[in-house]
Each structure stands twice: as C-alpha cells, then as structure tokens.
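Here's the structure, in structure tokens; my notes come after.
Throughout, residue positions are numbered sequentially from 1 according to the sequence presented.
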Amino acid sequence: MSLGQDGPPTRTRLPETHSGPGGGTRRQPRSSRNLVTVVGVVVVLIAAIAFANRGGGNSSGGGSGSGSGSNSGAGTQAQPTAPTGDKPVTGQAAGIAKGFAKSQQGAQSAAANYAVALGSDGMFRTDRRHTIVAAIHDPAVVGKLQGELDKAYSAAFLKDVGLNSDGSAPKGLTFVSRTVPVGTKVTGYSGSSATVEVWSTALGGLAGQGSTKPVSTTWFTLTEQLAWVNGDWKIESSSQKQGPAPVSGDDQAAGADEIANAVNGYGGFTYAR
C-alpha cells in the first residue's frame with residue numbers, strides 16, 4: 001500500500017508466543033562515535049559501542065549516521081497507530097519475523113523487527129550473530145559483513161563491554177540489551193526498495209550486584225536501506241544517529257535484581273503495520 005491511496009498505513013504490535021530474555025535488543029552510543037563501515041554497508045554496533053563508550057573504551061568512527069535513498073512516493077507525516085487491514089506476518093526465520101508484505105507497510109514492519117534483532121544480546125555471541133545477520137540481510141552482503149562483525153566483536157571488545165570472551169555475562173550478572181521501536185517512517189520507496197527510519201529506545205548494561213555498567217536507556221534513529229529479495233524485505237545497509245531523546249522523567253531507578261527479573265520475565269514483540 002502506498003501512502004495516500006487507501007488511507008494512511010498504521011501499526012500495531014503483536015505479542016510473541018514466547019517470553020524470556022532474548023526478546024531482541026539494541027543500544028545507542030552515548031557519543032557520536034557510533035558507526036562501523038563494512039564493505040559499503042554501514043553497520044551499527046549499538047549495544048557494544050554504547051557500553052564501551054560508557055566504560056571508557058577507545059572506539060572511534062565518524063558517526064555521521066545519515067541514510068540515503070530516493071524520496072519518491074514517500075510521506076513524512078507520522079502515521080496513526082490503529083490496526084490496518086494488512087495481514088500480519090505469521091512466519092519466522094531464526095526467531096525473527098519473515099514474510100512481510102511488498103508494500104510500504106510491509107517495509108516498515110520489516111525494519112522495526114530487524115532493528116530489534118540487530119540490537120539483541122544474541123549479536124554478542126558468534127553463532128547467534130551469524131544466524132541473525134544471515135536471516136535479515138541481502139545475501140549479497142552477508143559474507144563480508146559477517147567477517148567484519150566478527151572482528152568488531154572481538155574478545156578484547158567484549159571484555160571492554162564487561163562480558164566474557166564468548167559473549168556471556170559474568171557469574172551473578174545479567175546482560176541486558178533490548179530495543180523497543182517507538183515508530184517508523186518511510187523516506188524512500190520504489191516497490192523493490194525502501195528506506196525506512198526506525199525511532200527507538202533501548203536498554204543496555206549489566207544487571208546485578210556489583211555491576212560497574214548498570215542498565216540505562218538511550219534513544220536513537222536507525223535508517224535501513226531495504227531491498228525486495230526472494231520474496232521478502234532484506235537489509236542492504238543501515239546507519240544510525242542519536243535521538244531524538246525526550247526529557248527524562250522522575251521515575252525512581254529500579255534495583256539491579258528487579259531489572260534482571262524484568263528482563264527475564266517480560267518477552268518482546270513482533271512488530272506489524
């Protein structure tokens with residue numbers, strides 16, 4: 001469905017059938033040093049770089065965070081959140097929704113779900129990261145992208161984040177990395193390609209007694225360049241910029257154990273327009 005034809009596309013959020021700590025996550029760097037360029041594909045190491053920056057790491061980069069793409073046929077107004085008549089996705093690959101509609105609504109659904117996967121704690125474990133990247137990217141970019149990400153998520157880098165060399169949390173701590181998309185916007189669409197921005201908030205850190213990297217929230221906007229490949233939307237490249245971030249409220253911060261229990265007890269969502 002294109003904007004302005006059958007009414008504005010809208011979104012709803014569908015609960016997953018499972019619960020647990022692996023519901024998908026993401027992190028935004030606190031500084032502008034937030035992008036890693038990979039073979040023409042801009043990959044955002046959201047949680048990892050955020051933790052490293054907060055912990056005094058020496059990651060570097062340009063942090064331009066700009067996305068490109070055609071603006072033809074795309075609206076810039078925020079869309080209402082009532083459900084539409086489009087059928088939500090029913091399939092999954094590697095625990096990630098698949099089978100999105102070939103429409104602007106479908107592209108936005110794909111972008112939101114892929115943002116969650118890219119920021120999940122699974123990205124810090126080699127096997128799971130390989131599975132995630134292969135499931136949501138254009139096969140043409142997967143090979144070189146995997147190699148670059150393996151270098152980025154090195155044992156030294158994981159140590160800087162506060163994790164063990166295999167990406168697991170130290171004994172007694174719970175690793176938290178979860179992204180929550182707040183909204184999506186199509187900024188370019190041609191039928192076989194789309195540029196989608198995903199405004200998100202994220203949780204990231206180590207929960208537990210004695211943690212030196214407590215769980216905190218950040219806000220960022222992820223831009224995904226999507227292509228219609230083999231009957232579904234896949235990422236060709238992505239970039240990220242900070243914000244927009246709202247003013248912090250007066251909520252009292254939860255204790256480490258309470259945060260850990262919440263992450264373990266509340267599952268994530270499949271996002272559909």
Check whether any side-chain heavy atom of Ser200 lies under 4.5 Å from a side-chain heavy atom of Leu222, and answer yes or no.
no

Looking only at heavy atoms, the pair that brings Pro181 and Val116 closest together is CD-CG2, 3.6 Å

Smallest heavy-atom separation, Asp166 atom then Arg125 atom, equals O-CG, 3.7 Å

Rounded to the nearest 0.5 Å, the CG atom of Asp121 sits from the CG atom of Leu203 at a distance of 11.5 Å

Practice task
Without swapping roles, check the side chain of Lys213 against the backbone of Ala207 for a donor-acceptor pair under 3.5 Å.
Solution key: no

| request: Answer yes or no: is there a side-chain heavy-atom contact under 4.5 Å between His130 and Asp150? | output: yes

*asked:* Using side-chain contact (heavy atoms from CB on, under 4.5 Å), reason through Arg129 and Thr126 one step at a time and then give a plain yes or no.
replied: CA-CA 5 Å; Arg129 179 173 66 251; Thr126 302; 3.7 Å; yes

- Could you tell me whether the side chain of Ile132 reaches within less than 4.5 Å of the side chain of Ser120, counting heavy atoms only? yes

Between the CG atom in Leu149 and the NZ atom in Lys144, the distance rounded to the nearest 0.5 Å is 14.5 Å

For Val215 and Ile259, the nearest pair of non-hydrogen atoms, with its separation, is CG2-CG2, 3.8 Å

Angle between ring planes, Trp219 versus Trp199, binned at 30° and 60°: parallel, tilted or perpendicular? tilted

Cluster link Phe269 to Val180, ILVMFWY, side chain under 4.5 Å: yes

_Is it the case that the side chain of Asn113 and the backbone of Tyr271 share a donor-acceptor pair, with hydrogens and angles ignored and the cut-off at 3.5 Å?_
yes

Tell me, with the steps shown, if Leu163 and Leu206 meet side-chain contact (heavy atoms from CB on, under 4.5 Å).
-> CA-CA 9 Å; Leu163 300 175; Leu206 288 166; 3.9 Å; yes

Looking only at heavy atoms, the pair that brings Val196 and Val186 closest together is CG2-CG2, 4.3 Å

Can you find a pair of side-chain heavy atoms, one from Val198 and one from Thr221, that are under 4.5 Å apart?
no

Which of Ser239, Ser237, Ser193 passes side chain to side chain contact (heavy atoms under 4.5 Å, CB included) with Gln225? It is Ser237

Between Tyr114 and Trp233, the two heavy atoms sitting closest are OH-O, 2.7 Å

Practice prompt. Return yes if some donor-acceptor pair links the side-chain N/O of Thr201 with the main-chain N/O of Thr218 below 3.5 Å, else return no.
Written response: yes

| message | With heavy-atom distances below 4.5 Å as the criterion, would you say the side chains of Thr223 and Lys241 are in contact? | response | no

Polar side-chain atom of Asp138 near backbone of Ile235 as donor-acceptor pair, under 3.5 Å
no

Rounded to the nearest 0.5 angstrom, the CD-CD distance for Glu197 and Gln108 is 10.5 Å

Interatomic distance, CG@Asn164 vs CZ@Phe124, rounded to 0.5 Å, equals 13.5 Å

When every non-hydrogen atom of Phe220 is compared with those of Ala202, the smallest separation belongs to CE2-CB, 3.8 Å

